[in-house]
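Everything below concerns the one structure shown next.
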Amino acid sequence: RCLQPLSGSPPQPRYSRVATTQPNTAEAETARRTLAPARLWLLILIGCIVAGFLDALEAYLQGYVGGDRHGDWGFVIFSGMEWLFLAALTPNTYWLGRRFPLQRPYWGKHLLIHIAGALTLCFGWAFMGVLLRRALGRNDPPFGQDLTSWVLTSLPWSFFMYFAVLGCVHAFTYYVESRERA
């Protein structure tokens, strides 16, 4: 009887084993939502840098094995930079994936939008590649012919990369939503 508080409520322990958390405020929610895409951008950038490094290394080693002991540095630079172009164009895929998810009842319409997005990625990637080739002094065919050739060459790869990134965006979005529900 001496240990009970005067107010009649049960005694509160001095130390709790369960960690208390602060309620989610609007600022904390906004910070959490902006941190998640920042991590995704960092992963995409790191992935493109690693792929660019490996592609440039492959170009250098192919030249070395082929007998060119000094290497074609223009081609090595071009091979590595292409991946950075992809990293620069990826935000469009992310934005379209968030804005037009492939869900019912609009999946057909949204799929057409994503096909247009993949074509845009293809054209942008080819356009930046042709500009880089010109900057490196490789002006072999006329600009229009070079651009058309690169668009046709990069078309399958661009579609693959677009829809792979789109799949990652959807998987990341569903993961975040499931954690919020839990």
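Hydrogens, waters and symmetry mates play no part in the numbers below; they use all other heavy atoms, side chains included. None of these values were measured; they are calculated from a predicted model.
- Heavy-atom contacts from other residues, nucleotides or ligands closer than 6.0 Å to CZ of F159 number more than 12.
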Derivation of the side chain to side chain contact (heavy atoms under 4.5 Å, CB included) call for L166 and L102: CA-CA 10 Å; L166 183 65; L102 293 174; 3.9 Å; yes

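- Grouping the Ile, Leu, Val, Met, Phe, Trp and Tyr side chains by contacts below 4.5 angstrom, directly or via other members, places L147 with L121.
- No donor-acceptor pair under 3.5 Å is formed between the side chain of W150 and the backbone N or O of F123.
- When atom types are taken as modelled, the side chain of H114 and the backbone of K109 share no donor-acceptor pair closer than 3.5 angstrom.
- Put simply, CD on E58 and CG on D55 are 6.0 Å apart, with the number rounded to the nearest 0.5 Å.
- If you take CG on L132 and CG on L136, they are separated by 4.5 Å, rounding to the nearest 0.5 Å.
- Atom CE of M128 is separated from atom CG of L84 by 10.0 Å, given to the nearest 0.5 angstrom.
- Around the CZ atom of F160, the shell of radius 6.0 Å holds no more than 12 heavy atoms that belong to other residues, nucleotides or ligands.
- Grouping the Ile, Leu, Val, Met, Phe, Trp and Tyr side chains by contacts below 4.5 angstrom, directly or via other members, places I44 with Y175.
- Under a 3.5 Å cut-off, the side chain of H110 and the backbone N or O of P101 do form a donor-acceptor pair.
- The aromatic rings of F127 and F143 sit perpendicular, their planes meeting at an angle over 60°, well past the 30° parallel limit.
- Between the CE atom in M161 and the SG atom in C48 there is a gap of 6.0 Å [rounded to 0.5 Å].
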Chi angles and distances behind the side chain to side chain contact (heavy atoms under 4.5 Å, CB included) call for I49, W83: CA-CA 7 Å; I49 288 172; W83 287 95; over 6 Å; no

